[in-house]
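Reminder, nothing fancy here: chain letters follow the sequence lines and each chain counts from 1. No experiment lies behind these values; they were computed from the predicted model shown.
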Protein chains: 2
Amino acid sequence: MSLPHAILTALLEKPSSGLELTRRFDRSIGYFWSATHQQIYRELGRLESDGLIRALPSEQPARGQKKSYEVLPAGRAELARWTAARQDPKPARDALLLRLRAAAVVGTDGIEADLRRHLDLHQRQLAEYREIEERDFGPDRDSAQDRLRHLVLRAGIDLETFWTQWLTHALDEFGELPGHE
Amino acid sequence: MSLPHAILTALLEKPSSGLELTRRFDRSIGYFWSATHQQIYRELGRLESDGLIRALPSEQPARGQKKSYEVLPAGRAELARWTAARQDPKPARDALLLRLRAAAVVGTDGIEADLRRHLDLHQRQLAEYREIEERDFGPDRDSAQDRLRHLVLRAGIDLETFWTQWLTHALDEFGELPGHE
DNA sequence: GTGAACATGTAAGTGGTTACATGATTTG
DNA sequence: CAAATCATGTAACCACTTACATGTTCAC
């Protein structure tokens with residue numbers, strides 16, 4: 001039950017239309033909570049009928065016409081409630097680690113190329129995060145808002161750093177495995 | 001589409017009944033691919049009707065009666081195919097980071113306690129992984145299978161290490177935030 | 001023989017994915 | 001005016017979650 005809260009957060013940062021939200025879910029917010037435009041439109045409809053957001057006036061609500069939304073007080077209250085609420089971490093699901101465990105049983109043929117590809121993807125993501133960090137967060141002390149957002153970005157950077165290091169180590173290990181080459 | 005492959009892997013490691021699989025998905029395999037017993041029974045049914053596994057003979061198939069399964073050659077082939085196949089990483093979804101981003105907008109009231117709780121959970125998980133490492137993987141060189149499994153465990157250890165460090169850093173940051181105490 | 005634990009399931013609901021539909025606006 | 005792009009949706013499907021149902025075995 002996090003997508004509505006992701007949308008509320010995005011709308012509080014800046015009132016937007018469905019497509020604008022979709023774009024922001026392709027970078028920024030989407031780095032840790034992805035969503036497609038179909039999900040977003042469905043959820044915008046629910047949030048509106050629940051009275052948590054409303055369409056900005058002076059926009060005609062028609063198909064093909066841009067429709068922007070803003071958060072109502074009830075929406076902000078719900079987001080604050082959810083943010084403070086105790087929530088258990090949801091159980092892990094990582095297909096790459098599962099594949100490696102499977103490879104221990106059925107053999108490693110073919111998996112190495114995909115590990116290299118994943119390494120490349122994580123290196124690119126890491127570079128992107130670092131650019132954002134340089135651009136948006138200087139060495140000088142920022143506002144409380146900025147410090148929290150920097151903290152989130154740091155998690156992204158450290159996670160991608162972990163993956164690049166682990167994948168590099170894994171590929172090293174493959175090089176030493178019997179039957180290699 | 002990874003649950004069937006997680007089950008095939010588990011069954012290749014050791015033929016098991018549904019409940020035994022459920023137990024193994026609560027530790028071991030479940031550390032990176034969780035599943036409930038409802039999911040497992042449904043998937044066992046599918047895998048059997050697809051001809052990838054079969055119920056071990058000499059077991060009467062009745063409700064309340066234990067029913068063990070083993071992997072058929074077609075199942076092993078499918079697992080090998082899936083393991084080697086190119087697969088894109090699925091988009092990230094991390095509620096805790098989302099909550100922190102929301103907290104940057106609606107305020108940090110109440111979230112700190114849950115961060116401490118998460119830190120504790122990750123520290124416990126890290127300790128558990130380290131115990132497993134000490135117990136199952138010695139300093140001497142292991143078999144190729146063991147080295148792959150150790151690699152997977154290492155990912156778990158490093159991930160939990162990341163989270164404990166990041167959460168510690170986050171809580172430090174909270175202590176310095178204006179309006180704290 | 002009753003209760004606890006073992007063991008296998010069914011059913012309903014939710015959230016996410018994929019494929020498709022449709023109108024409006026801009027550009028050549 | 002045709003094509004591309006912008007913008008908002010609908011529908012079907014699939015995986016996962018939560019709650020419930022039912023039979024078996026074992027310990028007391």
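Looking at which nucleotide of DNA chain C each of B:P91 and B:E20 is closest to, the 5′-most match is held by B:E20.
Atom NZ of A:K67 is separated from atom P of D:dA7 by 15 Å (rounded to the nearest Å). Between the CG atom of B:L21 and the P atom of C:dC6 there is a distance of 16 Å, given to the nearest Å. When the P atom of C:dG13 is taken as reference, atom CE of A:M1 falls 17 Å away, rounded to whole Å. Between the C1' atom of C:dG9 and the CD atom of B:E43 lies a distance of 15 Å, rounded to the nearest Å. For the pair B:K66 NZ and C:dG9 C1', the computed distance is 17 Å after rounding to whole Å. Distance A:L19 CG to C:dG23 P: 18 Å, rounded to the nearest Å. Distance CG (A:L56) to P (D:dT8): 12 Å, rounded to an integer number of Å. In this structure, CD of B:Q38 is placed 11 Å from P of D:dA19, rounded to the nearest angstrom.
In this pair, B:H122 and B:W163 present their aromatic rings parallel. The plane angle is below 30°, not in the 30 to 60° band. Ring pair B:F137/B:H150 is parallel by interplanar angle, where below 30° counts as parallel and above 60° as perpendicular.
Proximity of B:Y41 to the phosphate of C:dT8: a side-chain N or O atom is located under 4.0 Å from OP1 or OP2. Considering only side-chain N and O atoms, B:Q39 lies under 4.0 angstrom from the phosphate OP1 or OP2 of D:dT17. An OP1 or OP2 oxygen of C:dG15 is reached within less than 4.0 angstrom by a side-chain nitrogen or oxygen of A:R46. For B:Q65 and D:dT25, the shortest distance from a side-chain N or O to OP1 or OP2 is below 4.0 Å.
To the nearest 0.5 angstrom, A:E173 atom CD is 10.5 Å from A:W166 atom CH2.
The base of C:dT17 sits with one of its N or O atoms less than 3.5 Å from a complementary donor or acceptor on the side chain of A:R42.
A:T22 comes within 4.0 angstrom of nothing in the nucleic acid, heavy atoms only.
Heavy atoms of other residues, nucleotides or ligands lying less than 6.0 angstrom from CZ of B:R147 number more than 12.
Comment: B:E112 engages B:R116 in a salt bridge, judged by a side-chain N to carboxylate O separation of less than 4.0 angstrom.
Each of C:dC6, D:dT10, D:dA7 was ranked by its minimum atom distance to the side chain of B:R23; first place goes to C:dC6.
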